[in-house]
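Here the structure comes first, spelled out in structure tokens, and everything after it is commentary.
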Amino acid sequence: MESMRSSCSACFSVALSPSALMAGGRGVGLASPGYRRWMRRNLPSFRPMSCVLDRSREGTPLQFEGKSGHRGFPEEEVLVISEEGRRHALNEADDTDEVNDEVDDFNVCKEAEEKIEDELPLATLNNPKYLDALLKGGEATTLLNGNHEGYILSAVAESGTVVETVEFTEAEEDTIKERQLHTIVKRSIVFVTSEAAPYSKTGGLGDVCGSLPVTLAGRGHRVMVVLPRYLNGVSDNAYAAAVDTGVRKKLPCFEGKPEVGFFHEYRAGVDWVFVDHPSYHRPGNPYGDINGSFGDNQFRFTILCHAACEAPLLLPLGGYTYGQSCLFMVNDWHAGLVPILLAAKYRPNGVYKDARSILVIHNLAHQGVEPAATFPELGLPLEWYGALEWVFPTWARTHALDKGETVNILKGAIVTADRIVTVSQGYAWEITTIEGGCGLHDLLGSRKSVLNGIVNGIDIDDWDPARDKHIPFHYSVDDLSGKAKCKAALQKELGLATRPELPMIGFIGRLDYQKSTDLIMMALPELMQHDIQFVMLGSGDRRTEDWMRSMESLYKEKFRGWVGFNVPVSHRITAGCDMLLMPSRFEPCGLNQLYAMRYGTVPVVHRTGGLRETVENFDPFADEGRGQGTGWAFSTPTTESMLWALGVAIKTFREHRASWEGLMRRGMLKDYTWDNAASKYEQAL
């Protein structure tokens, strides 16, 4: 312990989170009798030269400082106490734990000291039992210069944050410097999105924004999700539990300053905030209807962004607002105006100075591009036009008089966001190339230092072959017998021959150019020459839908096409098929290959984006002949490459059953849970 002592003057400080200190003007123990008793008991040589409790302005922590010229006083120690811990400590200490505004000379009342010690046991801060005794399970942490006698080693937290620590024993002293110290900084996080399951969903964005916030809340963060309240023309039962907060706000954008309301539901530890406006009540999906995209989408998502910036300041959720020290997670162009508003309007006026924004790009192809004449309607200062300015090259303009001048909301978000995250490392690289950057590759390349990729997770409650309510038989990595039964049940349901020896290939997804359904259309005649079964589930391009119906008539014994999307059927196809085909031309992350591997269905994919990162090519000779990999990935999106990969997969299925079972098991053992993804997001935070 002598190594922790200093012969020079030192300073001791205790920092409490703003939420812990501002409530009712009270804090935990800074000038309390019990606290002063602790100082005298554990630091007997300490004699205060000055003791000042400074009541700082809202948004900053209060600090207590003491100075001493004696040995034995810790050089610096920081304690951060959570809201839960604050409430417990206040209840326990009650009348004896008042915060004083003036200098105190440490003379205390003996009876008050004994009461504090009896009801709120105190121990040295260097003892890891201290917080348990003090907070009775409240989230909190100490960090200090780490000693090596079984005490806590951690990292200094920024003011107002809460940190989880890792404990090391004396035996680990030699390896402490080699190990990364993992800390989780608890934050107030505000997701802004156009969709989130189960309220609204058209694709992977809805899955991410429906699952990641819940996982982060479960890891101790305070999380809000702001999204539109879609009523689909009349009403929507998905919002039945949402309560009108009564808060109304006129937004400084577009002529007439539209007024929005806020509905709130607290579910799964997350504050779900729904922005209500008549433009969200029309029939259709979040972006359009059978006639195409809505013509006023810029208006609809501009008011979403303005409302999202106001929600943490206006809504007293759980009794108090999120305040200004928020971390905004903005998803795609629909929420892209948020970091621009923070930089252009709020921070210059002293608001959200400590707030940060992370732009999450799910699909760079959609950028929110509208004519330049719409810029004044966005509610931004005129000098910020350059941040959104986007000029199309000559060849992309519609006519000779078209100047190509537009505003690009996603471009503005890339310019102003503090950090940029894509949904896979592979996609993070691809968007910096001319082929995958959709015109923004140079800008994204200039921000490589803050660009990262994190693979999405999957909801293991919904996607678990051991307890999936949508499949007829259950199975696991330890017992695969149910997989064959699911295959037989699927063959029977689709009216195909029940033949377990035939490889069954599935496709699930949108029928469009991105998903390369045109490659499947060209390759199917040759593929049907193999003794296989093929099933497709999806909707989209009407020409492809008609083609699926005609192929079902032509190849009655081998092909089935299900036009539309059906969640239970997608689960049964994933469980029943032997392979899942994903020939996407680009795929930022992809979820179906993750579902497939979890269900022991081997993916055959185009090596792009998240598919490149998540599907490892099968190598039968690796690991001393036991094999390695989880599927097949072909390099070019051509029918020849796709047919070659499928041919190898079919041959392996038929002739090398032991290798095939190894492929299945390795895929099922992969960890693509949201908890794993959330830990990587915390590193990015």
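Position 1 is the first residue of the sequence, and the numbers go up from there. Small disclaimer: the values here were computed from a predicted structure and weren't measured.
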> Any salt bridge between Lys201 and Asp459, counting N to O under 4.0 Å?
Replying inline: no
> Between His281 and Asp276, does any side-chain donor sit less than 3.5 Å from a side-chain acceptor?
Replying inline: yes
>> Within the 3.5 Å criterion, strictly below it, is a donor on Gln425 or Asn452 matched to an acceptor on the partner's side chain?
In response: yes
> Tyr287 and Glu195: side-chain hydrogen bond (donor to acceptor under 3.5 Å, both in side chains), yes or no, with the steps?
Replying inline: CA-CA 10 Å; Tyr287 315 111; Glu195 57 181 274; 2.4 Å; yes
> Taking atom CD1 of Ile431 and atom CD1 of Ile414, what is their separation to the nearest 0.5 Å?
Replying inline: 7.0 Å
> Do the side chain of Asn676 and the main chain of Asp671 share a donor and acceptor less than 3.5 angstrom apart?
Replying inline: yes
> When you look at Trp429 and Arg612, which way does the side-chain contact (heavy atoms from CB on, under 4.5 Å) test go after all the steps?
Replying inline: CA-CA 11 Å; Trp429 170 77; Arg612 176 202 308 268; 4.0 Å; yes
> Got a donor-acceptor contact below 3.5 angstrom from the Asp332 side chain to the His362 backbone?
Replying inline: yes
>> Which label fits Tyr280 and His277: parallel for a plane angle under 30°, tilted from 30 to 60°, or perpendicular past 60°?
In response: perpendicular
> Is Leu519 close to Pro637 at the side-chain level, that is, under 4.5 Å between some pair of heavy atoms?
Replying inline: yes
> When rounded to the nearest 0.5 angstrom, what is the spacing between CZ in Phe586 and CG in Leu364?
Replying inline: 9.0 Å
> Parallel, tilted or perpendicular: which describes the rings of Tyr199 and Trp272, with under 30° parallel and over 60° perpendicular?
Replying inline: tilted
>> I'd like to know if the side chain of Thr245 reaches the main chain of Phe262, judged simply by a donor and an acceptor atom lying under 3.5 Å from each other, with no hydrogens or angles considered.
In response: yes
>> side-chain hydrogen bond (donor to acceptor under 3.5 Å, both in side chains), that's the test. Do Glu377 and Thr302 meet it? Break it down for me.
In response: CA-CA 9 Å; Glu377 307 289 355; Thr302 294; over 6 Å; no
> Does Phe263 have its ring centroid less than 6.0 Å away from the ring centroid of Tyr239?
Replying inline: no
> Do the side chains of Ile520 and Met536 get nearer than 4.5 Å, heavy atoms only?
Replying inline: yes
>> Checking Lys515 against Asp541 for the salt bridge (Lys or Arg N to Asp or Glu O under 4.0 Å) test, could you report, in this order, the C-alpha distance in whole Å, the side-chain angles of both residues, the deciding distance, and whether it holds?
In response: CA-CA 11 Å; Lys515 302 299 182 181; Asp541 177 61; over 6 Å; no
>> Under a 3.5 Å distance rule, please check whether Asn456 uses its side chain to pair with a backbone N or O of Cys589 as donor and acceptor.
In response: no
>> For a quick test of reading the model, state the closest non-hydrogen atom pair linking Ala217 to Val270 and the distance between them.
In response: CB-CG2, 3.8 Å
>> The test is side-chain contact (heavy atoms from CB on, under 4.5 Å); show your working for Ile303 and Val275 and say whether it passes.
In response: CA-CA 9 Å; Ile303 63 175; Val275 179; 5.6 Å; no
> Between Leu317 and Arg222, is any pair of side-chain heavy atoms under 4.5 Å apart?
Replying inline: yes
>> Please check: side-chain N/O of Tyr595 versus main-chain N/O of Ser570, any donor-acceptor pairing under 3.5 Å?
In response: no
>> Under a 3.5 Å cutoff, is there a donor and acceptor pairing between the side chains of Glu587 and His606?
In response: no
>> Regarding Asp518 and Arg585, does a basic nitrogen lie under 4.0 Å from an acidic carboxylate oxygen?
In response: yes
> Step by step, would you call Arg598 with Asp468 a salt bridge (Lys or Arg N to Asp or Glu O under 4.0 Å)?
Replying inline: CA-CA 12 Å; Arg598 184 164 178 81; Asp468 189 336; over 6 Å; no
